[in-house]
Amino acid sequence: MLAASASLLNVKVIILDAGEHAPAKQIVAPSAPHLTHVDGSFADPDKIRELARKVDVLTVEIEHVDAATLEEVRFASQGKELAIHPSPSTIQIIQDKFRQKQHLSLHGLPVSEFLEVESSVEAVHGAAQKLGLPLMLKSRTLAYDGRGNFVLRSLDQADEAISALGNRPLYAEKWVPFVKEIAVMVVRTGEGEVLSYPAVETIHKDNICHLVFAPLRSRDSLLSQKARSVAEKAIRSFSGAGVFGVEMFLMDNGDIFVNEIAPRPHNSGHYTIEACETSQYENHLRAILSLPLGSTALKVPSAAMLNLIGHSSSMEEITKIKNTALNIPGASVHLYGKSECRKGRKMGHITLVAESDAQLRARLRPLLQSLPESSSEEVEHYAPALATPGSGFSDSSPLVGVIMGSDSDLPAMLPAARILDLFDIPYELTIVSAHRTPDRMAEYARSASSRGLRTIIAGAGGAAHLPGMVAAMTALPVIGVPVKGSTLDGVDSLHSIVQMPRGIPVATVAINNGMNAGLLAVRILSAGIPRLVNDMDAYMKKMENEVLTKAEKLAEVGWENYQVRRT
């Protein structure tokens with residue numbers, strides 16, 4: 001993927017990897033004898049030196065390289081035109097997870113408690129006494145995709161843990177009872193400028209990244225920016241240029257802990273190829289070549305990445321899900337061309353993009369269903385079926401929030417729901433009282449955008465403070481529906497909604513006109529969902545035809561015999 005991005009910029013790439021047909025070598029054909037690839041291991045000092053002699057800039061795709069040789073090459077090249085990114089010192093810190101944790105702690109990053117542990121039963125027991133159980137034991141080096149981790153749940157597992165971790169140097173981390181795993185990709189220039197990509201949610205299965213959802217959805221409107229700030233601070237503390245993956249734990253109280261850092265393009269950033277204005281791979285190249293960094297902004301409202309993991313020595317399962325993906329709009333298949341498939345090996349990934357979270361999950365659903373080990377519980381959790389129009393139940397990934405101050409407002413608000421059903425727009429409908437549940441109202445308004453809502457329809461009678469108060473707490477457009485009450489015929493509600501102070505706009509419709517509120521919501525959404533413009537044109541054409549049909553009937557039978565049908 002890095003080589004593919006480089007080819008679009010006419011950047012010549014030489015690959016050090018084992019075998020003549022390694023995946024990246026399949027992408028880039030040497031255009032001259034001096035650009036031939038290097039056959040060998042990325043941990044072989046002689047091969048690293050051979051590669052260094054052939055290039056102007058040297059970068060890494062995996063952190064488990066021989067960092068000492070990279071440092072030796074860097075030192076020997078001083079005064080010559082060779083740059084190594086990220087810097088060998090950064091790689092040395094990150095590839096030793098205990099040193100990495102020390103570094104992050106020293107620079108004020110939030111990490112769980114940790115301590116060095118010898119590979120002995122007594123030392124493991126001592127760590128458990130200090131940090132408690134369960135205890136996360138980790139190998140300091142050569143750990144990848146969960147290999148090198150052991151969760152110690154009882155002291156009698158100490159021997160098993162040491163054996164499982166290969167008697168390598170260890171350290172222990174206090175168990176972190178996280179509620180969600182999140183990640184942020186950060187690109188860093190050699191001068192220390194950093195740009196972060198949107199925060200994402202990562203789902204792991206058997207300790208391997210399984211799914212990534214972008215952007216991160218949360219009821220905490222400040223969470224995404226908080227995660228990006230933590231990630232940026234972490235990467236500023238290192239040296240060298242390139243893209244870094246920052247994996248974090250989210251706690252129930254909103255706290256964030258940094259878990260691990262990858263000094264390279266990362267699984268949690270694969271979605272950027274289709275979903276962002278500049279992919280993590282292109283930005284890695286821009287950073288290490290001292291080119292201007294590209295925008296990290298999302299160019300689609302919703303995206304997901306599904307890792308394709310080998311289930312056996314056969315490619316049959318991978319081929320089956322690939323064929324499923326080829327029939328799904330917005331799906332892009334990336335197969336890596338690895339020489340053999342085996343259980344647990346990353347063979348490729350699929351990126352999905354969509355106009356909304358609801359559409360994204362509808363597209364993800366058949367992919368999860370085609371996985372050989374996928375359960376119905378997993379499918380329903382990560383890709384629930386869309387709410388059936390007219391079912392009377394909210395969608396799990398709504399674009400529109402329909403709220404009302406009381407259940408007595410429901411008859412006035414149902415026409416809005418009917419319109420949203422008609423246009424296949426996912427929505428939620430609930431009761432939120434500005435006066436009787438002010439905390440619920442504030443939380444609803446402030447979390448609306450970060451949950452994925454794009455428009456709110458708020459109905460209220462009497463004082464009708466709900467639309468205005470919600471509009472004061474969210475940047476989303478709010479449409480107020482004045483509801484006719486027992487006195488004043490709803491004029492009081494209309495005046496309350498209309499007479500908002502400068503700076504807090506609330507759109508409104510006629511009294512009890514939930515239908516127009518739904519139609520206005522559709523028109524607002526059409527600014528970002530082009531299909532809705534065509535759908536609205538068709539709706540208006542249908543209304544025109546209905547009127548013309550009535551005019552013809554009136555002319556045909558005369559007004560004395562014409563029967564008016566009330567709706």
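The aromatic rings of H465 and H435 stand perpendicular to each other, their planes meeting at an angle above 60°, with 30° marking the opposite boundary.
Between M441 and V470 there is a side-chain heavy-atom pair separated by less than 4.5 Å. Side-chain contact between F423 and L525 is absent, with no heavy atoms from C-beta onward closer than 4.5 Å. Looking only at side-chain heavy atoms (C-beta outward), S5 and L8 stay at 4.5 Å or farther from each other. Within the 4.5 Å cutoff, the side chain of T296 has heavy atoms near those of the R228 side chain. The shortest distance between side-chain heavy atoms of I235 and V246 falls below 4.5 Å. Using a 4.5 Å heavy-atom cutoff, the side chains of N283 and T272 are not in contact. Taking the side chain as every heavy atom from C-beta outward, S406 and R436 approach each other to under 4.5 Å. Side-chain atoms of H270 and H334, non-hydrogen and from C-beta on, never get closer than 4.5 Å to each other.
No side-chain N or O of S332 forms a donor-acceptor pair with one of T351 less than 3.5 Å apart. Side chain to side chain, E232 and S196 meet the donor-acceptor criterion of an N or O pair below 3.5 Å.
Judged purely by atom type and a 3.5 angstrom limit, R363 uses its side chain to pair as donor or acceptor with the backbone of V353. R440 places a side-chain N or O within 3.5 Å of a backbone atom of I431 that can act as its donor or acceptor partner. Using a distance-only test at 3.5 Å, with no hydrogens or angles considered, no donor-acceptor pair links the side chain of E355 to the main chain of I529. One N or O on the side chain of K101 and one on the backbone of N259 form a donor-acceptor pair closer than 3.5 Å.
With rounding to the nearest 0.5 Å, the separation of CD1 in I524 from CG in L476 is 10.0 Å. Taking OG from S239 and NE2 from H85, the interatomic distance works out to 10.0 Å, rounded to the nearest 0.5 Å. Atom-to-atom distance recorded for L216:CG and L223:CG is 5.0 Å, nearest 0.5 angstrom. How far OG of S396 is from CZ of R361: 7.0 Å, rounded to the nearest 0.5 Å. If you take NE2 on H349 and CG on L352, they are separated by 10.0 Å, rounding to the nearest 0.5 Å. For the atom pair CD1 of I321 and CG of L368, the computed distance is 7.5 Å after rounding to the nearest 0.5 Å.
The residues E173 and K97 are annotated as not salt-bridged, no charged nitrogen and carboxylate oxygen being separated by less than 4.0 angstrom. Salt bridge annotation for R236-E193: absent, with no cationic side-chain nitrogen under 4.0 angstrom from a carboxylate oxygen. Salt bridge annotation for K541-E544: present, with a cationic side-chain nitrogen under 4.0 angstrom from a carboxylate oxygen. Using a 4.0 Å cut-off between charged nitrogen and carboxylate oxygen, E282 and R286 count as a salt-bridge pair.
Here the closest non-hydrogen pair linking D421 and P389 is OD1-CA, 3.6 Å. When all heavy atoms of P263 and P86 are compared, the closest pair comes out as O-CG, 3.6 Å.
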Candidate pair H495 and D492, rule side-chain hydrogen bond (donor to acceptor under 3.5 Å, both in side chains), full reasoning
CA-CA 5 Å; H495 287 170; D492 52 342; over 6 Å; no
